[in-house]
Amino acid sequence: MPEYDPKTLARMQWLRDEINRHNHAYYIQDSPEVSDAEYDRLFDELSGLEAAHPELVTPESPTQRVGAAPLDEFETVRHSLPMLSLNKATSKEEFLDFHRRVRDLSGLTDGEIQYTAEPKFDGLAVELIYREGIFRLGCTRGDGIVGEDVTLNLRTVKSIPLSLLGGSFPELLEVRGEVIMTKEDFAGLNRERERTEQPLFANPRNAAAGSVRQLDPRITNTRPLTLFAYGTGRVEGEGLTHHWDSLQRLKRFGFRMSEHARLCRSVDEVIEYHQEILGKRDGLPYEIDGIVIKVNAFSVQQTLGELSRSPRWAVAWKFPAQQENTRVEDIIISVGRTGSLTPVAVLSPVRVGGVEVSRASLHNDDEVRKKDVRIGDTVVIQRAGDVIPEVVKVVESKRTGEEREFVMPGTCPECGSRVERPEGEAIHRCTGFACPAQIKENLAHFVSKGAMNMDGLGRRLLEQMVDKGIIRDPADLYFLDKETLMKMDRMGDKLADNLLDAVAKSRKPALANLIYGLGIRNVGYHLAGVLAKEFGSIENLAAQDIEKLEDVHEIGPTVARSLYSFFHDPTNLRILEKLKDGGMEFPVEQAPAGESPLAGKSFVLTGGLATLTRDEARSIIEKLGGRVSSSVSKKTDFVVAGKEPGSKLDKARDLGIEVLNEHEFKKLVER
Ligand code: IVH
C-alpha cells in the first residue's frame with residue numbers, strides 16, 4: 001500500500017465534499033453559492049489530483065458521473081418490493097369514495113386520517129438503491145416487478161446524489177422517484193433536434209424516458225434530466241413511521257423534492273390542494289397530470305394493504321386532459337432557417353388548459369396526408385405544457401364535404417424561389433439562397449446563447465435590420481456602427497452601445513461556439529464541441545475530407561457530408577472570410593492528439609486480463625485520452641484480447657482491426 005501525503009488525501013476529501021455541496025446548491029436548491037469559474041477550479045483541481053492518484057478515485061466522486069462506454073443491452077433487476085401503480089380518481093366524488101374506503105377499512109375517524117398530497121409528475125419512474133449512503137444501483141420501474149438496470153445513465157443525472165448528504169443514513173435505502181425533463185429543457189432539446197434534423201420528441205415524458213433508456217450513457221449525459229424523489233422502497237435500519245417525515249428526510253439527504261408537497265389534515269384540505277395545484281399547473285416548470293394522495297402513517301398504510309397492482313392507501317387524482325376541438329381555418333407555410341417549409345394549421349382560437357391556441361404545427365406534407373387534415377376540418381387539438389400545440393386527429397363525423405385539401409406550394413411564399421423535396425427527406429425546402437426567412441433564422445441562431453451570445457440582439461431588431469437591407473448575413477453584424485443602429489426603431493443611445501459591445505465581445509469566440517453558430521446542418525451544440533476538440537481550428541476542420549470526418553467518434557456519414565458541403569460552398573467560404581475582415585479572430589485550440597499514442601483511439605476489451613481488471617484497463621485508456629466501447633466496429637482502433645476472448649475477437653479479425661494481447665497492450669500504454 002503506497003504512502004500518501006495525508007494532506008493530499010484530506011484535500012481530495014474536502015474538494016469532493018465542497019463540490020457535492022455546490023452541486024446541491026445549484027441543482028437542488030437553485031441557488032448557486034459560487035461562480036461557474038470557481039466551481040470549475042475546484043473540479044479541475046480534484047480531477048488533477050485523481051489523475052495523479054488513480055488508485056484514490058472513488059466511484060462516488062463527483063468527477064465520476066460519466067465516462068462509461070455503451071452497453072449492448074440492459075441487465076434486468078428484480079425490485080425487492082414491487083413498484084406499484086396507482087388507482088385513479090377523476091372527480092371529487094371518486095376521491096371521496098377513496099377516502100371513505102380508507103376510513104372504513106382502517107376503522108379511523110375523519111379527524112384521525114392524515115394524507116400527504118403531492119404533484120403527480122409525468123416522467124419515468126425509477127428506483128435508486130443506496131448502501132451506506134452510496135449510490136449503487138438505479139433501475140426503471142419496468143413491469144413493477146422487474147426493471148432495467150440503468151445505473152450508468154442515472155449517474156449522469158446531476159440531481160441524483162452519488163453519495164447522500166448529512167451523516168447518519170440507513171444501511172439500505174431504496175429511493176423512488178420520477179425522472180422528468182422540464183418544459184424549458186424539453187423545448188430547448190427539441191429546438192436543437194429540429195435544427196439538426198433529428199426526429200422530435202412528442203412530449204417531455206417521452207424525451208425523459210427515451211433519454212434514460214439509452215444504451216450509451218454519454219448520450220444521456222447530454223440530456224437535461226431532473227429527478228424528483230417521492231418515496232422509498234425498502235429501508236433497513238432507521239425506519240420512520242410517516243411518509244411525510246420520510247419525504248423531509250430525503251430532502252435532507254440531498255434529493256430534489258416537490259416544493260408543492262403538503263401534509264393535509266382533512267379531506268377538505270386535499271380538495272383545496274387539488275384546486276390550487278390545478279390552478280398552478282400551467283405555471284409549473286414541469287408537467288404534471290394530477291396529484292397523488294397518500295395515507296401519511298405507515299401503520300395505517302399497512303392495515304389497508306395492497307391489491308395486486310395498486311395500494312389501497314394511495315390514489316392519483318388526475319387533472320382533465322388538455323384537449324379541445326376546433327376548426328382549421330387555413331393551412332399556411334412557415335419557412336425555417338434551413339429553408340424547410342412547414343405546414344401550420346391556423347385555428348379558430350380556442351382555450352386549451354387555460355391558454356389560447358390559434359396555431360398548430362403539422363410538421364410536414366406526409367404528416368398532413370397521414371392525418372388527412374383538410375382546410376375546414378374540425379380537429380382535436382392537444383397542448384402539453386408550453387409545448388407547441390398539435391393536431392391529434394380529425395373529427396370525421398363533422399365533415400361536410402366542403403373541406404379543401406392542402407397542397408404544398410411549388411414556390412417559396414417568402415422569396416418565390418423553387419421548392420424541392422430532397423430524396424429520402426420528409427421536408428420540402430426553399431432553394432433560394434437569399435431567402436429572407438432563412439437569413440433571419442440564420443442570424444437569430446448565430447447570435448444566440450451557445451453561439452456568439454450577443455445579448456440584446458433580439459429577433460425583432462434582427463428582422464428590422466434584414467428588412468431594411470442593413471444585414472444580409474452574419475458577418476454584416478461586425479460592420480455595424482452606431483449611426484446605423486440609431487436609425488432603428490426604438491433604439492436608444494445606451495442600447496446601441498450595449499449592442500456594439502456585445503458584437504465586439506463576440507469577436508473572440510471559443511471554437512465550439514463558433515462552429516455551432518455557423519449553423520451547419522446536423523451539427524448541434526454537442527457535436528460542435530466534439531469537432532472543436534478533434535480539429536482545433538476552423539481551418540483544420542474545413543480542410544478535412546469526408547472520410548477523415550467520418551473517422552471521428554460520434555460523426556456519421558450524414559454529419560460528415562453536411563460538414564463537407566458547408567466548407568465547400570463558395571458563399572459560406574466568402575462569409576467566413578468576411579467574418580475575419582470584420583475583426584473576428586478565428587480561435588486555434590490545440591487538439592490533444594499527438595501527445596499520447598492512445599489519444600482519440602477507440603478500444604474494445606474482450607476476455608479476461610491477468611494483471612488488470614477491466615475497470616483498471618478502461619481507466620488507463622481513458623486517462624491517456626482513449627475511449628472504450630463495448631462493440632467492435634469499423635471505427636475501432638484496437639481490440640485488447642485476454643483469456644477466453646469472445647466473438648468480438650472474430651469480428652476484429654474480420655474487419656482487419658489490430659489485436660493486442662495483454663503484454664502488447666501494457667507496452668503501448670507504458671510508452
Ligand atoms: S407514488 C404506490 N408519487 O405515478 C405508490 N407516484 O401510477 C406509487 N408518479 O409509477 C407511486 N408522481 O411513475 C407516486 N408523487 C408521486 C408520483 C408518482 C408521479 C408516477 C409514478 C408511478 C405512477 C403510478
Side-chain angles (χ1 to χ4, degrees), residues 77 79-90 94-95 98 101-102 115-128 138-148 150 154 157 159 174-182 203-213 225-235 242-244 246-248 250-251 255-264 270 273-274 277-278 280-281 284-298 300-319 384-385:
V77 182
H79 303 296
S80 53
L81 293 175
M83 289 182 79
L84 299 171
S85 61
L86 291 166
N87 276 327
K88 287 173 194 54
T90 53
E94 287 179 9
F95 164 66
F98 159 81
R101 257 192 323 274
V102 167
Y115 292 109
T116 68
E118 307 159 24
K120 185 168 188 301
F121 300 102
D122 205 5
L124 178 76
V126 295
E127 177 165 79
L128 312 165
C139 52
T140 61
R141 172 171 179 270
D143 62 4
I145 306 296
V146 173
E148 286 172 324
V150 288
L154 293 180
V157 177
S159 44
E174 294 179 349
V175 178
R176 291 175 174 183
E178 197 93 345
V179 177
I180 59 114
M181 197 175 282
T182 64
N203 52 48
R205 175 168 33 83
N206 287 3
S211 302
V212 171
R213 299 192 62 257
L225 298 169
T226 305
L227 175 104
F228 278 95
Y230 55 62
T232 52
R234 213 158 73 164
V235 182
H242 288 79
H243 178 63
W244 181 253
S246 153
L247 292 180
Q248 302 313 310
L250 290 176
K251 189 167 172 183
F255 289 93
R256 180 153 208 147
M257 313 296 295
S258 167
E259 63 274 42
H260 298 291
R262 185 175 300 166
L263 181 60
C264 296
V270 175
Y273 177 85
H274 178 266
I277 299 296
L278 183 56
K280 286 191 178 141
R281 177 188 197 176
L284 290 180
Y286 43 79
E287 292 199 344
I288 60 172
D289 55 352
I291 62 171
V292 181
I293 300 134
K294 302 172 190 167
V295 169
N296 189 29
F298 289 148
V300 182
Q301 288 188 3
Q302 218 151 30
T303 313
L304 293 166
E306 267 124 44
L307 299 167
S308 68
R309 293 191 50 85
S310 49
R312 286 203 196 83
W313 46 263
V315 71
W317 187 354
K318 304 268 279 195
F319 291 151

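This structure is a prediction, so every number in the text was calculated from the model and none was measured. Whatever order the structure lists ligands and atoms in, that order sets their numbers, starting from 1.
Contact of the Tyr273 side chain with the Trp317 side chain is not registered, since no non-hydrogen atoms from C-beta on lie closer than 4.5 Å. Side chains of Val175 and Phe255 form a contact here, defined as non-hydrogen atoms less than 4.5 Å apart. Proximity of Leu227 to Leu128: side-chain heavy atoms (C-beta onward) are separated by under 4.5 Å at one or more points.
Considering backbone and side-chain N/O atoms, Leu86 comes within less than 3.5 Å of an N/O atom of ligand 1. On a distance-only criterion, Pro119 and ligand 1 share at least one N/O pair closer than 3.5 Å. Any N or O atom pair closer than 3.5 Å counts here, and Lys294 shares at least one such pair with ligand 1.
The proximity of Phe121 to ligand 1, defined as any non-hydrogen pair under 4.0 Å, involves the side chain as well as the backbone. Of the heavy atoms in Val292, only side-chain atoms (C-beta onward) come closer than 4.0 Å to ligand 1. Looking at Met83 against ligand 1, nothing comes within 4.0 Å, counting heavy atoms. By the criterion of a heavy-atom distance under 4.0 Å, the side chain of Glu118, and not its backbone, is placed next to ligand 1. Under 4.0 angstrom from ligand 1, there are no non-hydrogen atoms of Arg176.
We find that Glu118 and Lys294 are joined by a salt bridge, their nearest charged nitrogen and carboxylate oxygen being less than 4.0 Å apart.
Protein heavy atom at the shortest distance from atom 18 (C) of ligand 1 is Tyr230 CE2, 3.5 Å. The nearest heavy-atom contact from the protein to atom 20 (C) of ligand 1 is Glu178 OE1, 3.5 Å. The protein heavy atom nearest to atom 8 (C) of ligand 1 is Leu84 O, 3.7 Å. Considering only non-hydrogen protein atoms, atom 2 (C) of ligand 1 sits nearest to Pro311 CG, 3.3 Å.
Residue Glu306 qualifies as enclosed at atom CD: its count of foreign heavy atoms under 6.0 Å is above 12.
Here the side chain of Gln301 pairs a donor or acceptor atom with the backbone of Val295 at under 3.5 angstrom. Between the side chain of Thr140 and the main chain of Glu148, a donor-acceptor pair closer than 3.5 Å is present.
The nearest non-hydrogen atom to atom 23 (C) of ligand 1, considering only Arg312, Arg141, Lys120, Arg205, comes from Lys120.
Residues Pro311 and Asn87 approach most closely at O-ND2, 4.3 Å, considering heavy atoms.
Checked options Asp122, Ile180, Thr226; the residue passing with Tyr286 is Ile180 (criterion: side chain to side chain contact (heavy atoms under 4.5 Å, CB included)).
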